Amino acid sequence: MGKQGSSPRGRRVENQDLDISFGVKEHEFRSLDLQHGGDPPIGRRLSGGEYNWDKVVLTKGMKNDSAKFTPCKGVYVGKRQMWWLHRHIRSIVFTLLLMGFLYLLDSLLFSIFDPAMLQSNFSLQGSSKTEVEMVPRAAKEGPVKLYERLLNLAASSLAEREFKQESSKLWEEPYPQASSWKPCADKTSPHGKPRNITGYILISANGGLNQQRVAVCNAVAVASLLNATLVIPKFLYSNVWKDPSQFGDIYQEDYFMDMLKDEVNIIKELPPNLKLLDVEAAGSLITDADLSKEATPDEYIKKILPLLLRNRVVHFLGYGNRLGFDPLPYELQRLRCKCNFHALKFVPEIQQIGSLLVRRIRRYDFARSTLDKQLLGNLIPHVPLRHYHAAEGPSKYLALHLRFEIDMVAYSMCEFGGGETERSELQSYREVHFPLLLERLKKSKPLSQQELRKTGKCPLTPEEAGLVLAGLGFKHGTYIYLAGSGIYGGQSRMQALTTLYPNLVTKEDLLTPSELAPFRNFSSQLAALDFIACATSDVFAMTDSGSQLSSLVSGFRTYYGGGHAPTLRPSKKRLSAILSRNKTIGWHSFEGKIRKMIDEGQRVQVRGLGRSIYRHPRCKECMCRH
């Protein structure tokens, strides 16, 4: 508001019987000074720090002592004062109105960006019993509620950062050597087209979209290994996913077969003479119990090849992660990459709605990168959006896969502050969906909640996800696409995250009910839309590195991103250690630890022994280094 006003410089007037009307005016001016912290109102001060009314009052008639102050001179002073007020009344009124407007504007801005206003929204009081105190008990030990305190600090940090320039490094790969890796798994095998000399392989894949994708790629490699013909895979109906979608509902069958025709024989159906074969009676039905979890090629050759040669058909029922990553011949490893990154294209119906989804997030109408082209093909129309303004440019967005659905929460055996109601609800879910887990737990010593978190068994909560993003420096207005749906705890559970980052949207927010209607009862097809939105984002953040969606999306971004598609991988173990070992940690220290944790997860590394080739394609079988 300017410098602190100095006192009037006129001589002190001893006589208290001065003009009463002037005394009233002086009192009003001083009241204004007090209201505004002692600053003089605009336009009142003259040069030398004196005020207007100093020179009005201190006339020549007042330079003598008070005894010489005559009634005539008093009248003269009063007339001069009235004349001055009449002359400057418009300036005074304008000044007061301007000050009132500035005061209201200041109050409005303060109410918007005051950290206390943000912090007050973190209170989860008044929710139902299952949604109250959604903070782990371990985090609330001691005199300070760590989560609540950190959320308040995060809100303050975001408010302070609102008008500052955001670092562009948040949206870039931190290591330039990432761009030296290029896709090259689409090379054709030098051995020529294989011959079917052993038989036919049937695959029934279980799980959701991403588990099924891994199963398909593994099946392609096994068919090549056994020199067999692969029948287009079938997808099993799951009580968890409740999706009857088949391969052709999600992927382009003809494109899949054409892309791999020089590598593996693929047909849509068994020959008529083999359709009636009872594979179970013939001993050709293979379940998970018949193969190791990550079986080696030798195991397939010893156990499966004899059955295939004898019966001409082998059916893998519930096939999933039943082929190890190492040791595996170069050609089989390359073939897996070719299947995952080149042969599996979403059907045009999914590509079309996926392109609409990305357009509405970004506000642009053309394929911007190799990732866009690979996932959306030519289905991004060159028609301007109604609300698109070219001058604004494409919007950057962060995609967040917040793996906090009830199945993940229940399987983890962790508690999240919901008390007895939460424990009862999750136990009931386990009894229905995870009976084998409960049987296994009966035979082992249960881990404490502290041990579960320490070992990284507990999924990151929405609150923790918000703290990580705030700790990295993402601003309050960051546009965030949330993959998945049905967050456990509902809106109450999401309140802290949406308060920190209100521009958080889902596909349900961006697409109309009629646009979503064809996919409404098909969870795998809805997951394909999330896959597209996450893979094409400027930054992808995951909360569970073991999730198949997160693994496949991050691998896809590595393969096609050209070193310009950063992925954030928080470590559940590291984050738990940061929170448990630093009960009174300051925000600046918290930021430093979070950035170090994420930086370690972004380092450019060649795929390690036994690591998933779908998640870590930087290896000679998948990518070429220039």
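The basis for the numbers below is simple: all heavy atoms, side chains too, and nothing from hydrogens, waters or symmetry mates. This is a predicted model, so every value here is computed, not measured.
A centroid separation of less than 6.0 Å is found between the aromatic rings of Phe434 and Tyr411. The aromatic ring centres of Phe416 and Tyr488 sit 6.0 Å or more apart. Side-chain rings of Phe341 and Tyr614 stay apart, their centers remaining 6.0 Å or farther from each other.
Judged purely by atom type and a 3.5 angstrom limit, Asp372 uses its side chain to pair as donor or acceptor with the backbone of Ser369. Counting only distance, with no hydrogens or angles, the side chain of Arg213 and the backbone of Asn340 share a donor-acceptor pair below 3.5 Å. Checked by atom type and distance alone, the side chain of Arg557 never pairs as donor or acceptor with a backbone atom of Thr567 at under 3.5 Å. For the pair Ser550 (side chain) and Gly546 (backbone), a donor-acceptor distance under 3.5 Å is absent. A distance-only check finds no donor-acceptor pair linking the side chain of Arg611 to the backbone of Phe325 [under 3.5 Å]. Put simply, the side chain of Thr543 gets close to the backbone of Arg403: a donor and an acceptor are under 3.5 Å apart. A donor-acceptor pair is defined here as one N or O able to donate and one able to accept, closer than 3.5 Å; no such pair exists between the side chain of Lys396 and the backbone of Asp538. Of the possible polar contacts, none joining the Ser589 side chain to the Ile585 backbone as a donor-acceptor pair under 3.5 Å is found. Side-chain N or O atoms of Thr478 include none that pairs as donor or acceptor with a backbone N or O of Phe474 at under 3.5 Å. In this structure, the side chain of Thr499 engages the main chain of Gln495 through a donor-acceptor pair within 3.5 Å.
One finds the CG atom of Leu552 at 8.5 Å from the CD atom of Gln211 (value rounded to the nearest 0.5 Å). Note: Glu463 CD to Thr461 OG1 = 4.0 Å, rounded to the nearest 0.5 Å. Separating the CZ atom in Phe531 from the NE2 atom in His401 is a distance of 11.5 Å, to the nearest 0.5 Å. For the atom pair Thr498 OG1 and Gln491 CD, the distance stands at 7.0 Å (nearest 0.5 Å). We find the CE-CG distance between Met542 and Asp544 to be 9.0 Å, quoted to the nearest 0.5 Å. Here CG of Leu568 is found 9.5 Å from CG of Leu400. Values are rounded to the nearest 0.5 Å.
In summary, the side chains of Arg362 and Thr536 do not present any donor paired with an acceptor at a separation below 3.5 Å, with no hydrogens or angles considered. Between the side chains of Glu464 and Tyr147, at least one donor N or O lies within less than 3.5 Å of an accepting N or O. If you check the side chains of Ser157 and Arg161, you find a donor sitting under 3.5 Å from an acceptor. A donor and an acceptor atom, one from each side chain of Glu451 and Ser448, are located under 3.5 Å apart.
The nearest pair of heavy atoms linking Ala528 to Ile350 is CB-CG2, 3.8 Å. In terms of heavy-atom proximity, Cys534 sits nearest to Ala399 at CA-CB, 3.7 Å. When all heavy atoms are compared, the tightest approach of Pro462 to Ile487 is CG-CG2, 4.2 Å. In this structure, Cys414 and Leu426 approach most closely via the heavy-atom pair O-CD1, 4.3 Å. Here the closest non-hydrogen pair linking Glu173 and Ala565 is OE2-O, 3.4 Å. Considering all non-hydrogen atoms of both residues, Leu376 and Ser355 come closest at CD2-N, 3.6 Å.
Ion pairing between a basic and an acidic side chain is recognised when a charged N comes within 4.0 Å of a carboxylate O; Glu415 and Arg423 show such pairing. With respect to the salt-bridge test (charged N to carboxylate O, under 4.0 angstrom), the residues Glu515 and Arg360 qualify.
Every residue meeting the side chain to side chain contact (heavy atoms under 4.5 Å, CB included) condition with Ser551, not counting sequence neighbours, appears here in chain and number order: Arg615. In this view, His433 and Tyr429 satisfy the ring-ring contact (aromatic ring centres under 6.0 Å, His included) rule, not counting sequence neighbours.
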Assess the residue pair Arg607 and Asp326 against the criterion (salt bridge (charged side-chain N to carboxylate O under 4.0 Å, His left out)); give the C-alpha distance rounded to whole Å, side-chain angles, the decisive distance to 0.1 Å, and a yes or no. CA-CA 11 Å; Arg607 184 184 75 90; Asp326 293 295; 3.0 Å; yes
Step by step, work out the side chain to side chain contact (heavy atoms under 4.5 Å, CB included) result for Ser412 and Lys457. CA-CA 6 Å; Ser412 71; Lys457 303 294 184 183; 5.6 Å; no
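None of Arg574, Lys593, Lys573 except one satisfies the salt bridge (Lys or Arg N to Asp or Glu O under 4.0 Å) rule with Glu600; the exception is Arg574.
Ring geometry, Tyr481 versus Tyr397: the interplanar angle exceeds 60°, so the pair is classed perpendicular (tilted spans 30 to 60°).
The 12-atom threshold is exceeded at NZ of Lys475, counting heavy atoms of other residues, nucleotides or ligands nearer than 6.0 Å.
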